[in-house]
Amino acid sequence: MTVTLADVAARAQVSPATVSRVLNGNYPVAASTRERVLKAVDELDYVLNGPASSLAAATSDLVGILVNDIADPFFGIMASAIQSEIGGPGGRAGGERLAVVCNTGGSPERELTYLTLLQRQRAAAVVLTGGAMEDAQHAAAVAAKLRRLTEAGTRVVLCGRPPAPDTGAVAIAFDNRGGGQRLTEHLIGLGHRRLGYIAGPEERTTTRHRLEGHRAALAAAGISEDPGWTVHGRYDRTSGYEATLELLRRDPSLTAVVAANDSVALGACAALRESGLGIPDDVSVAGFDDLPFSVDAVPALTTVRLPLADAGARAGRIAMGREEPPPGGIATVRGELMVRGSSGAPRQSASA
């Protein structure tokens, strides 16, 4: 049953006119009243009709792109590629579409808020980039939002994110497990048996999948992982620096450090150099993603190349209806191992 403005007014115990003033922001309303109205809107999941120009259409000319951190090249590359496919004619009456990048900062609350706002604006398409949160309640809330969007005619594409079953969303997922496994297999093949791992935030699916791949490679080689060989942190250089110092404190005999991504790997390299260790002579380092700066690092980073721009462009075309979705609505993109100067054989192979 469709929730109306009158329903919100009744729940908030105000007049429909007051609800309208709060939602439109065009008239002063007491703070306590405003909070009561917004609480009722959230509880009832009321959807504002959006701009008057879009009332006669199923959707507007707005396209939302959700990213964790637009300053992170991982998200910036995908967002740019998505937007490149959105530009040009294709909106209602042949006009341009407006792409809006929504920076969540990794906040689950902001992610839900942006999805609600895009639903209220009857967005033509929504693209969510990067890993999802490892929280059942949040995942259910996101799935409910995606389902409402697709049911209203909005195209929803997940780019670099696991599939969301029964929502109508198309998924272009990265094979993070496979990439993580191949990366560690490469290091094991060089003779490494004591490998430290700097993982991302524990609550992200990307973190879990890459770590699972790493551990699968260790298990396949018969290497028993020491619990102290894994440290969790943010996906940034500072985290890589601090985590590497902690790994060295726990086990100075480590011969390799595998990082959650390339930014983390750069921090690891800095910590190793400051500790008087050579790369890869004393300790090998490997990253993930193959971000633009990876090849210019000294030495250049061994990493897993994800086709971020290609995946983003494909997500944009699907979102605009210019490319058919993959069979079953799911495509898995495999990363490519890039072997460079930051990895080499250990001076002395330690026993497992």
Side-chain angles (χ1 to χ4, degrees), residues 134 176-204 206-290 294 297-304 337-352:
E134 294 271 46
N176 286 304
R177 284 192 191 89
Q181 184 166 349
R182 288 191 296 278
L183 193 62
T184 298
E185 286 173 345
H186 161 69
L187 294 170
I188 293 172
L190 292 173
H192 294 278
R193 294 295 181 271
R194 305 184 72 82
L195 299 87
Y197 190 93
I198 307 173
E202 293 187 70
E203 69 274 9
R204 309 300 299 191
T206 300
T207 298
R208 177 168 60 84
H209 294 163
R210 293 181 182 183
L211 183 54
E212 286 175 349
H214 168 72
R215 287 175 169 164
L218 294 179
I223 299 174
S224 298
E225 182 188 13
D226 187 308
W229 289 354
T230 300
V231 176
H232 285 270
R234 301 174 307 280
Y235 282 119
D236 60 31
R237 183 186 181 280
T238 300
S239 176
Y241 178 87
E242 295 171 348
T244 300
L245 294 179
E246 175 61 20
L247 285 171
L248 292 174
R249 185 191 67 78
R250 294 180 183 182
D251 188 350
S253 66
L254 292 175
T255 63
V257 173
V258 184
N261 71 4
D262 295 336
S263 296
V264 173
L266 285 189
C269 290
L272 290 170
R273 278 192 289 267
E274 288 188 19
S275 300
L277 298 170
I279 306 165
D281 294 341
D282 296 309
V283 181
S284 289
V285 177
F288 208 111
D289 296 334
D290 196 27
S294 301
V298 180
L301 281 177
T302 289
T303 185
V304 173
L337 178 64
M338 309 300 294
V339 178
R340 300 191 181 117
S342 68
S343 62
R347 285 182 174 175
Q348 292 183 343
S349 295
S351 59

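Model, not experiment: these values are computed from the prediction. These numbers come from the heavy atoms of this one structure, side chains and all, not from hydrogens, waters or symmetry mates.
R193 is not listed as a side-chain neighbour of T255, based on a closest heavy-atom distance of 4.5 Å or more. The closest side-chain heavy-atom distance from D289 to S263 is not below 4.5 Å. V231 is listed as a side-chain neighbour of R250, based on a closest heavy-atom distance under 4.5 Å.
For the pairing with Y197, the side chain to side chain contact (heavy atoms under 4.5 Å, CB included) check across L247, L254, T230 returns one residue only, T230. The side chain to side chain contact (heavy atoms under 4.5 Å, CB included) test with R208 is passed by exactly one of E202, E203, E134: E134.
Classification of E212 and R215 as a salt-bridged pair fails, no side-chain N sitting under 4.0 Å from a carboxylate O.
Using modelled atom types, one finds no donor on one side chain facing an acceptor on the other under 3.5 Å when comparing T302 with H186. Neither side chain, T207 nor H232, offers a donor N or O lying under 3.5 Å from an acceptor on the other.
Closest approach of G240 to I198, counting heavy atoms only: O-CD1, 3.8 Å. In plain terms, the two heavy atoms of S275 and L248 that are nearest each other are OG-CD1, 3.8 Å. Heavy atoms only, all atoms of each residue included: S343 and P280 are closest at C-CB, 3.8 Å. Here the closest heavy-atom approach between residue N176 and residue R210 is recorded as OD1-NE, 2.9 Å. Summarising the geometry of A265 relative to A286, their closest heavy-atom pair is CB-O, 4.1 Å, with the distance given to 0.1 Å.
Of the inter-residue distances, the one linking F288 atom CZ with H214 atom NE2 reads 12.5 Å to the nearest 0.5 angstrom. Rounding to the nearest 0.5 angstrom, the gap separating the OG1 atom in T244 from the CD atom in E274 is 11.0 Å. A distance of 3.5 Å separates OG1 in T303 from CG in D262, rounded to the nearest 0.5 Å. L183 contributes atom CG, which lies 10.0 Å from atom CD1 of I188 (distance to the nearest 0.5 angstrom). Expressed to the nearest 0.5 Å, how far CG of L218 lies from CD of E185 amounts to 10.0 Å. Rounding to the nearest 0.5 Å places CG of L272 at 8.5 Å from CG of L245.
In this structure a side-chain-to-backbone donor-acceptor pair under 3.5 Å is present from S342 to V285. Using modelled atom types, no side-chain atom of S239 and backbone atom of Y235 make a donor-acceptor pair closer than 3.5 Å. In this structure, the side chain of H192 engages the main chain of G344 through a donor-acceptor pair within 3.5 Å. Between the R237 side chain and the G267 main chain, no donor and acceptor come within less than 3.5 Å of each other.
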Check the pair M338 / S294 against side-chain contact (heavy atoms from CB on, under 4.5 Å), numbers first and verdict last. CA-CA 10 Å; M338 309 300 294; S294 301; over 6 Å; no
Would you please test W229 and R194 for side-chain contact (heavy atoms from CB on, under 4.5 Å) and show each step? CA-CA 8 Å; W229 289 354; R194 305 184 72 82; 3.8 Å; yes
